Amino acid sequence: MNEARTRRREATIAAWANSDWDDVARFIGPNAERFASAWEKARTKMTTAGGGLTFTWCWPALFFGFAWFLYRKQWAVGVVLIILPLVIGYFFSVSAGGGAAIFIAMIAKSTIAQDAVTKIAKIRAAGGGNAEIAAAGGVSVMAGVLGGILLLVELALGLIAAVMDQQAHLASLSAV
(Lines give C-alpha, C1' and ligand atoms only; values in the text may rest on other atoms or scores of the structure.)
Protein backbone atom coordinates (compact mmCIF):
# COMPACT_ATOMS: atom_id res chain seq x y z
CA MET A 1 0.00 0.00 0.00
CA ASN A 2 2.77 2.47 0.91
CA GLU A 3 4.66 1.57 -2.26
CA ALA A 4 1.68 2.41 -4.46
CA ARG A 5 1.17 5.65 -2.54
CA THR A 6 4.83 6.56 -3.00
CA ARG A 7 4.57 5.91 -6.76
CA ARG A 8 1.48 8.13 -7.03
CA ARG A 9 3.21 10.89 -5.09
CA GLU A 10 6.31 10.66 -7.28
CA ALA A 11 4.12 10.74 -10.41
CA THR A 12 2.34 13.84 -9.09
CA ILE A 13 5.62 15.61 -8.34
CA ALA A 14 6.93 14.67 -11.81
CA ALA A 15 3.73 15.96 -13.43
CA TRP A 16 4.18 19.30 -11.64
CA ALA A 17 7.88 19.49 -12.52
CA ASN A 18 7.09 18.85 -16.19
CA SER A 19 4.00 21.05 -16.29
CA ASP A 20 3.94 23.88 -18.77
CA TRP A 21 1.97 27.10 -18.23
CA ASP A 22 0.78 27.17 -21.85
CA ASP A 23 -0.82 23.73 -21.41
CA VAL A 24 -2.35 24.73 -18.07
CA ALA A 25 -3.74 27.95 -19.55
CA ARG A 26 -5.16 25.97 -22.48
CA PHE A 27 -6.83 23.58 -20.01
CA ILE A 28 -8.22 26.32 -17.74
CA GLY A 29 -9.70 28.31 -20.60
CA PRO A 30 -11.25 31.75 -20.06
CA ASN A 31 -9.40 34.07 -17.66
CA ALA A 32 -6.53 31.61 -17.32
CA GLU A 33 -4.13 34.45 -16.55
CA ARG A 34 -5.87 34.83 -13.18
CA PHE A 35 -4.61 31.36 -12.26
CA ALA A 36 -0.96 31.93 -13.22
CA SER A 37 0.29 32.92 -9.77
CA ALA A 38 -1.63 30.06 -8.11
CA TRP A 39 -0.11 27.58 -10.58
CA GLU A 40 3.38 28.96 -10.01
CA LYS A 41 3.03 28.86 -6.21
CA ALA A 42 1.65 25.32 -6.30
CA ARG A 43 4.35 24.19 -8.76
CA THR A 44 7.13 25.62 -6.59
CA LYS A 45 5.66 24.08 -3.44
CA MET A 46 5.14 20.70 -5.09
CA THR A 47 8.59 20.48 -6.67
CA THR A 48 10.57 21.86 -3.71
CA ALA A 49 8.60 20.71 -0.66
CA GLY A 50 6.83 17.69 -2.11
CA GLY A 51 3.31 19.06 -1.80
CA GLY A 52 0.89 20.66 0.58
CA LEU A 53 -1.96 23.10 0.24
CA THR A 54 -1.30 26.30 -1.64
CA PHE A 55 -3.38 29.26 -0.58
CA THR A 56 -4.39 32.03 -2.95
CA TRP A 57 -7.63 33.98 -3.21
CA CYS A 58 -10.63 33.59 -5.51
CA TRP A 59 -13.56 35.98 -5.16
CA PRO A 60 -15.92 34.04 -7.47
CA ALA A 61 -15.38 30.87 -5.41
CA LEU A 62 -16.18 32.83 -2.24
CA PHE A 63 -19.46 34.25 -3.55
CA PHE A 64 -20.64 31.45 -5.83
CA GLY A 65 -19.09 28.33 -4.24
CA PHE A 66 -20.29 25.17 -5.92
CA ALA A 67 -21.74 27.08 -8.90
CA TRP A 68 -18.27 28.42 -9.72
CA PHE A 69 -16.72 24.94 -9.48
CA LEU A 70 -19.42 23.55 -11.77
CA TYR A 71 -18.76 26.39 -14.24
CA ARG A 72 -15.06 25.42 -14.16
CA LYS A 73 -16.02 21.76 -14.86
CA GLN A 74 -14.86 20.59 -11.44
CA TRP A 75 -17.77 18.18 -11.10
CA ALA A 76 -16.64 16.26 -8.02
CA VAL A 77 -15.79 19.38 -6.01
CA GLY A 78 -19.06 21.04 -7.04
CA VAL A 79 -21.16 18.05 -6.02
CA VAL A 80 -19.33 17.71 -2.70
CA LEU A 81 -19.96 21.40 -2.00
CA ILE A 82 -23.66 20.87 -2.69
CA ILE A 83 -24.09 17.70 -0.63
CA LEU A 84 -21.70 18.18 2.30
CA PRO A 85 -23.47 21.18 3.87
CA LEU A 86 -26.79 19.32 3.65
CA VAL A 87 -25.33 16.25 5.36
CA ILE A 88 -23.60 18.32 8.05
CA GLY A 89 -26.76 20.35 8.66
CA TYR A 90 -28.95 17.25 8.84
CA PHE A 91 -26.80 15.24 11.21
CA PHE A 92 -25.35 18.00 13.36
CA SER A 93 -27.91 20.84 13.06
CA VAL A 94 -25.14 23.32 12.31
CA SER A 95 -23.95 25.23 9.30
CA ALA A 96 -20.36 25.37 8.08
CA GLY A 97 -21.01 29.03 7.36
CA GLY A 98 -18.49 31.66 6.38
CA GLY A 99 -15.43 29.77 7.56
CA ALA A 100 -15.92 27.05 4.98
CA ALA A 101 -16.57 29.61 2.23
CA ILE A 102 -13.35 31.43 3.07
CA PHE A 103 -11.35 28.18 3.05
CA ILE A 104 -12.86 27.23 -0.32
CA ALA A 105 -11.96 30.64 -1.74
CA MET A 106 -8.39 30.16 -0.51
CA ILE A 107 -7.85 26.79 -2.21
CA ALA A 108 -10.04 27.17 -5.32
CA LYS A 109 -7.39 28.24 -7.82
CA SER A 110 -4.80 25.75 -6.65
CA THR A 111 -7.45 23.00 -6.82
CA ILE A 112 -8.09 23.87 -10.46
CA ALA A 113 -4.34 24.03 -11.15
CA GLN A 114 -3.87 20.58 -9.56
CA ASP A 115 -6.65 19.11 -11.66
CA ALA A 116 -5.18 20.71 -14.79
CA VAL A 117 -1.66 19.38 -14.17
CA THR A 118 -2.94 15.87 -13.38
CA LYS A 119 -5.21 15.65 -16.43
CA ILE A 120 -2.63 17.20 -18.78
CA ALA A 121 -0.04 14.62 -17.69
CA LYS A 122 -2.51 11.80 -18.47
CA ILE A 123 -3.43 13.32 -21.84
CA ARG A 124 0.21 13.78 -22.83
CA ALA A 125 1.08 10.23 -21.66
CA ALA A 126 -1.69 8.90 -23.89
CA GLY A 127 -0.28 10.82 -26.86
CA GLY A 128 -2.89 13.57 -26.78
CA GLY A 129 -2.26 17.07 -28.00
CA ASN A 130 -3.43 20.61 -27.50
CA ALA A 131 -6.96 19.95 -28.76
CA GLU A 132 -7.48 17.16 -26.22
CA ILE A 133 -6.17 19.38 -23.43
CA ALA A 134 -8.54 22.21 -24.38
CA ALA A 135 -11.49 19.81 -24.62
CA ALA A 136 -10.75 18.21 -21.23
CA GLY A 137 -10.73 21.57 -19.47
CA GLY A 138 -12.39 24.88 -20.09
CA VAL A 139 -15.71 25.96 -18.71
CA SER A 140 -19.33 24.92 -18.90
CA VAL A 141 -21.62 27.93 -19.07
CA MET A 142 -24.67 25.66 -18.81
CA ALA A 143 -23.38 24.04 -15.61
CA GLY A 144 -22.58 27.48 -14.22
CA VAL A 145 -26.09 28.73 -14.97
CA LEU A 146 -27.71 25.63 -13.48
CA GLY A 147 -25.42 25.89 -10.45
CA GLY A 148 -26.35 29.55 -10.11
CA ILE A 149 -30.05 28.70 -10.21
CA LEU A 150 -29.52 26.00 -7.59
CA LEU A 151 -27.60 28.51 -5.47
CA LEU A 152 -30.49 31.01 -5.72
CA VAL A 153 -32.98 28.30 -4.73
CA GLU A 154 -30.78 27.35 -1.79
CA LEU A 155 -30.54 30.99 -0.66
CA ALA A 156 -34.31 31.48 -1.04
CA LEU A 157 -35.04 28.35 1.00
CA GLY A 158 -32.59 29.49 3.66
CA LEU A 159 -34.28 32.89 3.81
CA ILE A 160 -37.74 31.31 4.03
CA ALA A 161 -36.54 29.00 6.82
CA ALA A 162 -35.04 31.94 8.73
CA VAL A 163 -38.27 33.96 8.44
CA MET A 164 -40.38 30.99 9.54
CA ASP A 165 -38.05 30.37 12.49
CA GLN A 166 -38.29 34.03 13.50
CA GLN A 167 -42.09 33.94 13.24
CA ALA A 168 -42.23 30.79 15.37
CA HIS A 169 -39.98 32.44 17.96
CA LEU A 170 -42.16 35.57 18.05
CA ALA A 171 -45.30 33.44 18.33
CA SER A 172 -43.82 31.54 21.28
CA LEU A 173 -42.99 34.84 23.00
CA SER A 174 -46.49 36.22 22.51
CA ALA A 175 -48.02 32.99 23.85
CA VAL A 176 -46.34 33.53 27.21
Side-chain angles (χ1 to χ4, degrees), residues 1-88 96-144 146-147 151:
M1 176 89 127
N2 285 337
E3 189 175 316
R5 187 175 178 194
T6 301
R7 280 196 306 269
R8 278 195 311 271
R9 183 173 187 75
E10 289 171 354
T12 300
I13 292 170
W16 275 100
N18 297 323
S19 67
D20 174 63
W21 170 247
D22 290 335
D23 281 348
V24 173
R26 191 173 293 111
F27 180 91
I28 291 173
N31 299 313
E33 68 281 355
R34 294 183 180 170
F35 293 80
S37 65
W39 171 77
E40 188 58 48
K41 279 177 74 174
R43 185 173 191 253
T44 300
K45 194 168 195 175
M46 184 61 76
T47 56
T48 59
L53 285 175
T54 303
F55 297 107
T56 57
W57 189 255
C58 182
W59 287 107
L62 176 70
F63 292 117
F64 302 108
F66 65 81
W68 183 79
F69 280 98
L70 293 175
Y71 168 73
R72 285 283 168 193
K73 295 171 73 173
Q74 300 294 305
W75 313 121
V77 177
V79 169
V80 166
L81 292 177
I82 292 169
I83 294 172
L84 193 60
L86 298 173
V87 171
I88 289 172
I102 290 170
F103 180 73
I104 290 164
M106 291 173 66
I107 65 166
K109 288 182 180 177
S110 62
T111 299
I112 302 241
Q114 174 65 52
D115 186 55
V117 168
T118 302
K119 288 182 178 171
I120 290 166
K122 288 179 182 175
I123 291 167
R124 291 289 188 208
N130 294 344
E132 288 83 4
I133 290 171
V139 297
S140 172
V141 174
M142 180 62 74
L146 292 175
L151 181 62

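Quick caveat, the model's predicted, so the values are computed rather than measured.
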**Student:** Can you see which heavy atom on Trp68 is nearest to which on Ala108, and at what distance?
**Tutor:** CZ3-CB, 3.6 Å

**Student:** Evaluate the side chain to side chain contact (heavy atoms under 4.5 Å, CB included) criterion for residues Met106 and Thr56: first the C-alpha distance (whole Å), next the side-chain angles of each, then the deciding distance (0.1 Å), finally the verdict.
**Tutor:** CA-CA 5 Å; Met106 291 173 66; Thr56 57; over 6 Å; no

**Student:** Might you point out which heavy atoms bring Ala61 and Phe69 nearest each other, and give the distance in Å?
**Tutor:** CB-CE1, 4.5 Å

**Student:** Is there a donor-acceptor pair closer than 3.5 Å between any side-chain N or O of Lys73 and the backbone N or O of Gly137?
**Tutor:** yes

**Student:** Could you tell me the separation between the CZ atom of Phe64 and the SG atom of Cys58, rounded to the nearest 0.5 Å?
**Tutor:** 10.5 Å

**Student:** Starting at CG of Asp22, measure out to CD1 of Ile120 and round the result to the nearest 0.5 Å.
**Tutor:** 10.0 Å

**Student:** Kindly give the heavy-atom pair with the smallest separation between Val117 and Val24, and that separation in Å.
**Tutor:** CG2-CG2, 4.2 Å

**Student:** Any non-hydrogen side-chain atom of Leu70 less than 4.5 Å from a side-chain atom of Ile82?
**Tutor:** yes

**Student:** Which distance, rounded to the nearest 0.5 Å, do you find between the CG of Asp23 and the CD1 of Ile123?
**Tutor:** 9.0 Å

**Student:** Quick one: CD1 on Ile112 to CD1 on Ile28, what's the gap to the nearest 0.5 Å?
**Tutor:** 7.0 Å

**Student:** Could you go through Gln114 and Thr111, starting from their C-alpha distance and side-chain angles, then the distance that decides it, and tell me whether this counts as side chain to side chain contact (heavy atoms under 4.5 Å, CB included)?
**Tutor:** CA-CA 5 Å; Gln114 174 65 52; Thr111 299; 5.8 Å; no

**Student:** Distance from Lys119 atom NZ to Arg124 atom CZ, nearest 0.5 Å?
**Tutor:** 16.0 Å

**Student:** Under 3.5 Å, which donor-acceptor pairs do the side chains of residues 38-51 form with other protein atoms, sequence neighbours left out?
**Tutor:**
from: Trp39; atom 1: NE1; to: Ser19; atom 2: OG; distance (Å): 3.4
from: Glu40; atom 1: OE2; to: Thr44; atom 2: OG1; distance (Å): 3.4
from: Lys41; atom 1: NZ; to: Phe55; atom 2: O; distance (Å): 2.7
from: Arg43; atom 1: NE; to: Trp16; atom 2: O; distance (Å): 3.0
from: Arg43; atom 1: NE; to: Ser19; atom 2: OG; distance (Å): 3.3
from: Arg43; atom 1: NH2; to: Ala17; atom 2: O; distance (Å): 2.8
from: Thr44; atom 1: OG1; to: Glu40; atom 2: O; distance (Å): 2.9
from: Lys45; atom 1: NZ; to: Leu53; atom 2: O; distance (Å): 2.5
from: Thr47; atom 1: OG1; to: Arg43; atom 2: O; distance (Å): 2.8
from: Thr47; atom 1: OG1; to: Thr44; atom 2: O; distance (Å): 3.4
from: Thr48; atom 1: OG1; to: Thr44; atom 2: O; distance (Å): 2.5

**Student:** Is there a side-chain contact between Trp21 and Phe35 (heavy atoms, below 4.5 Å)?
**Tutor:** yes

**Student:** Could you walk me through whether Leu62 and Ile104 pass side chain to side chain contact (heavy atoms under 4.5 Å, CB included), step by step?
**Tutor:** CA-CA 7 Å; Leu62 176 70; Ile104 290 164; over 6 Å; no

**Student:** So which atom in Phe27 and which in Ile133 form the shortest heavy-atom distance, rounded to 0.1 Å?
**Tutor:** CD1-O, 3.6 Å

**Student:** About how many Å separate CD1 of Ile83 and CZ of Phe66, when rounded to the nearest 0.5 Å?
**Tutor:** 11.0 Å

**Student:** Between Glu3 and Arg7, is there a side-chain heavy-atom distance shorter than 4.5 Å?
**Tutor:** yes

**Student:** Can you label the angle between the Trp59 ring and the Phe63 ring as parallel, tilted or perpendicular, going by 30° and 60°?
**Tutor:** parallel

**Student:** Is a side-chain N or O of Thr118 found less than 3.5 angstrom from the main chain of Asp115, in a donor-acceptor match?
**Tutor:** no

**Student:** If you define the side chain from C-beta out and look only at heavy atoms, does anything of Trp75 sit under 4.5 Å from Ser140?
**Tutor:** yes

